[in-house]
Amino acid sequence: MDLLDWHRGRLSSRRLAVLVKHMPRDSAVTRELEGEAAEWTVTDYLLAAAVDHLAAANWMFASVNTDEDADPPEPPVPVRRPGDTGAEDGAASVAAGEERVAAESPSRSDLMRFFS
């Protein structure tokens, strides 16, 4: 399709708008408009959530089953998703995720009370 057809009057503005709106997810226009989120599908978001929940469950299990004298295990770092705030480089994104998880993490006594 030649975009000059719009200029020549052979392609209506409405038809052009429909074509642009319904471009494939891997098109350059969609990537420019939506950014990194254009590459993520619902399945990708669900998989990231499943990974985060499994990591949290493993962390809770390890926290409850460690000796009281031992250092507690490090909290899991959530999978980075499109639109997460923070810097684009991985280290800053991981640090922001660790801070968020640490702020929401239950204490050892909370976990012991929950699992007993």
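By convention here, the first residue in the shown sequence is residue 1. The basis for the numbers below is simple: all heavy atoms, side chains too, and nothing from hydrogens, waters or symmetry mates.
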Quick check: does any side chain N or O of R25 sit under 3.5 Å from a backbone N or O of W40, one acting as donor and the other as acceptor?
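A pair under 3.5 Å: yes.
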
Throw together a table of side-chain donor-acceptor distances under 3.5 angstrom for residues 41-62, partners on residues two or more places apart or in other chains.
unit_1 : atom_1 : unit_2 : atom_2 : d
T41    : OG1    : T43    : N      : 3.4
T41    : OG1    : D44    : N      : 3.4
T41    : OG1    : D44    : OD2    : 3.3
D44    : OD2    : T41    : N      : 3.0
D52    : OD1    : V79    : N      : 2.8
D52    : OD2    : R81    : NH1    : 2.8
D52    : OD2    : R81    : NH2    : 2.7
H53    : ND1    : A49    : O      : 2.6
N58    : ND2    : L54    : O      : 3.4
W59    : NE1    : P73    : O      : 3.2
W59    : NE1    : E74    : O      : 3.4

For T30, side-chain hydrogen bond (donor to acceptor under 3.5 Å, both in side chains) partners two or more places apart
S27

Return the CG to CG distance between L11 and L4, rounded to the nearest 0.5 Å.
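Separation between the atoms: 10.5 Å.
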
In Å and rounded to the nearest 0.5 Å, what is the CG to CE distance from L33 to M23?
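Interatomic distance, L33 CG to M23 CE, rounded to 0.5 Å: 9.5 Å.
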
Can you confirm whether more than 12 heavy atoms, excluding those of R14, are under 6.0 Å from its CZ atom?
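No, not enclosed.
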
Residue pairs fulfilling salt bridge (Lys or Arg N to Asp or Glu O under 4.0 Å) with at least one residue in residues 62-72, sequence neighbours excluded:
none

SB check R31 E39 (cutoff 4.0 Å):
yes

Between D2 and R10 (salt bridge meaning N to carboxylate O under 4.0 Å), is one present in this structure?
no

State, yes or no, whether a side-chain contact exists between D5 and L16 at a heavy-atom distance under 4.5 Å.
no

Smallest heavy-atom separation, S13 atom then W6 atom, equals OG-NE1, 2.9 Å

